[in-house]
Amino acid sequence: MSALFPNYARWDIEIVEGKGTKVIDKNGKEYLDFIAGIAVCNLGHRPPKVQKAIEEQLNKVWHVSNLFQASHQEGVAKLLTEHSVGDYVFFCNSGAEANEAAIKIARKHTGRHKIITFKQSFHGRTFATMTATGQEKIHSGFGPLLQEFIYLPYNDENAIEEAMNDEIAAVMLEVIQGEGGVNPGEDAFLKKCQQLCEKYGALFIIDEVQTGIGRTGKAFAYQHADLSPDIITVAKGLGSGFPVGAMIGKAHLKDTFSPGTHGSTFGGTPLAMAAAKATLEEIFQAEFLQQVREKSEYFLTKLNTELDNIPFVKQVKGKGLLLGIECDQDVSPFIEEIHKQGLLVLTAGPKVIRLLPPLTVSFEEIDQAVQILKQSLQSFAKVGL
Ligand SMILES: *Cc1c(COP(=O)(O)O)cnc(C)c1O
């Protein structure tokens, strides 16, 4: 009997060890991990430099209240702001908390209530971020939700044009919708959102919780479309598995978060900052990001050629190492088979197989993964589903 709430549909695999791209389950079976904690372990499992940084901090001090000076946070904030259009950072512990901070600062800064988000988006599970999430299944049973959220179709320039006015506090979006199906935003649509925010004095918030920290081959995914958001939120990959989140904002927002307005007991703790600093120092190197783009190109080409004749595969989409294989049917039976063959992958919506290898994945490991995907999917094609 389990004493856990059954709020997760867990697979029947128990991982007991991980190193790099490889994990081992309790029966000694080895897998290639192309989930990486859902875009968390961007440097693979137990990256040596991050492990060393955490170990060193363990021998100094674990927790210091935010009532004290925080040079441990300054170093990470410097890296995040130097590699983005942001100027100031607030640290928290998760993606939902980072988005919660963004929603709060947007309302207080503009004095407005309404926030536009998009269908199929995912922004978290707290009341504000659950409400921001444009998916009914996430809301179901929890109403009444927070007021004044407006959900628009994604990639629809006309819809945002019609909905914008000077009552809107913010537009919040993912540059590639992760949970919602690996749906990339089109450059023209993303630019239109930003222009309309500028025109009406609304804040442009980009949720980079899944796409940030090198995942798409740039430090942040918004940089592919040359955008300039007022707020960027990050979490997942930031600490290589150590829980940490951050809201990064432009200078004009500084005075809105004056002393006492917002906070977090654990936000920016020395251990989390040690993990984040060591993570960013590696990922934000131009050469490292260049390699992510090369691996992505290789992976995409391989997938497109090798899966070409599988009848139920519609397309391969995504950016960097956030990729999705879109099928024309429910993919959950495929996932179990792929796991059995030794490759861990997950879904994004009902019809997309999502691939999130560590950014440190080797070309050889990509080859192995593609072979497993091909063989597993072919076995279903033969049965004639
Ligand atoms: C995972 C995710 C979140 C929520 O992050 P948590 O750390 O689970 O709270 C928010 N936004 C996006 C885009 C995500 O992928």
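Numbering of ligands and ligand atoms starts at 1, following listing order. Only this structure's heavy atoms are used, side chains among them; waters, hydrogens and symmetry mates stay out.
In terms of polar-atom proximity, Asp207 is counted as a contact of ligand 1, with an N or O under 3.5 Å from an N or O of the ligand. Geometrically, ligand 1 and Gly124 share no nitrogen or oxygen pair separated by less than 3.5 Å.
Using a 4.0 Å cut-off to heavy atoms of Lys236, the atoms of ligand 1 that qualify are 1 (C), 2 (C), 3 (C), 14 (C), 15 (O). Heavy-atom proximity to Gln210, at under 4.0 Å, picks out these atoms of ligand 1: 15 (O). Every atom of ligand 1 with a heavy atom of His123 under 4.0 Å away is listed here by number and element: 10 (C), 11 (N). Distances below 4.0 Å separate heavy atoms of Gly95 from the following atoms of ligand 1: 5 (O), 6 (P), 7 (O), 9 (O). Each of the atoms 13 (C) of ligand 1 lies under 4.0 Å from some heavy atom of Glu174.
With a 4.0 Å heavy-atom cut-off, ligand 1 is reached by the backbone of Ser94 and by its side chain too. Counting heavy atoms under 4.0 Å from ligand 1, residue Asn99 touches it through the side chain alone.
Among all non-hydrogen protein atoms, the one lying nearest atom 9 (O) of ligand 1 is Ala96 N, 2.8 Å.
Looking at Thr261 and Ile105, their side chains never come closer than 4.5 Å, going by heavy atoms from C-beta outward. Using a 4.5 Å heavy-atom threshold, the side chains of Glu179 and Thr133 count as separate.
Using a 4.0 Å cut-off between a side-chain N of Lys or Arg and a carboxylate O of Asp or Glu, Lys49 and Glu281 do not qualify as a salt bridge.
No more than 12 heavy atoms of other residues, nucleotides or ligands lie within 6.0 Å of CD in Glu17, so this atom counts as exposed by the packing criterion. Residue Lys317 places its NZ atom among more than 12 non-hydrogen atoms of other residues, nucleotides or ligands, all under 6.0 Å distant.
Of the listed residues (Tyr222, Phe220, Phe284), just one forms a ring-ring contact (aromatic ring centres under 6.0 Å, His included) with His83, and that residue is Phe284.
Relative ring orientation between Phe90 and Phe257 is described as perpendicular, the plane-to-plane angle rising above 60° on a 0-90° scale split at 30° and 60°.
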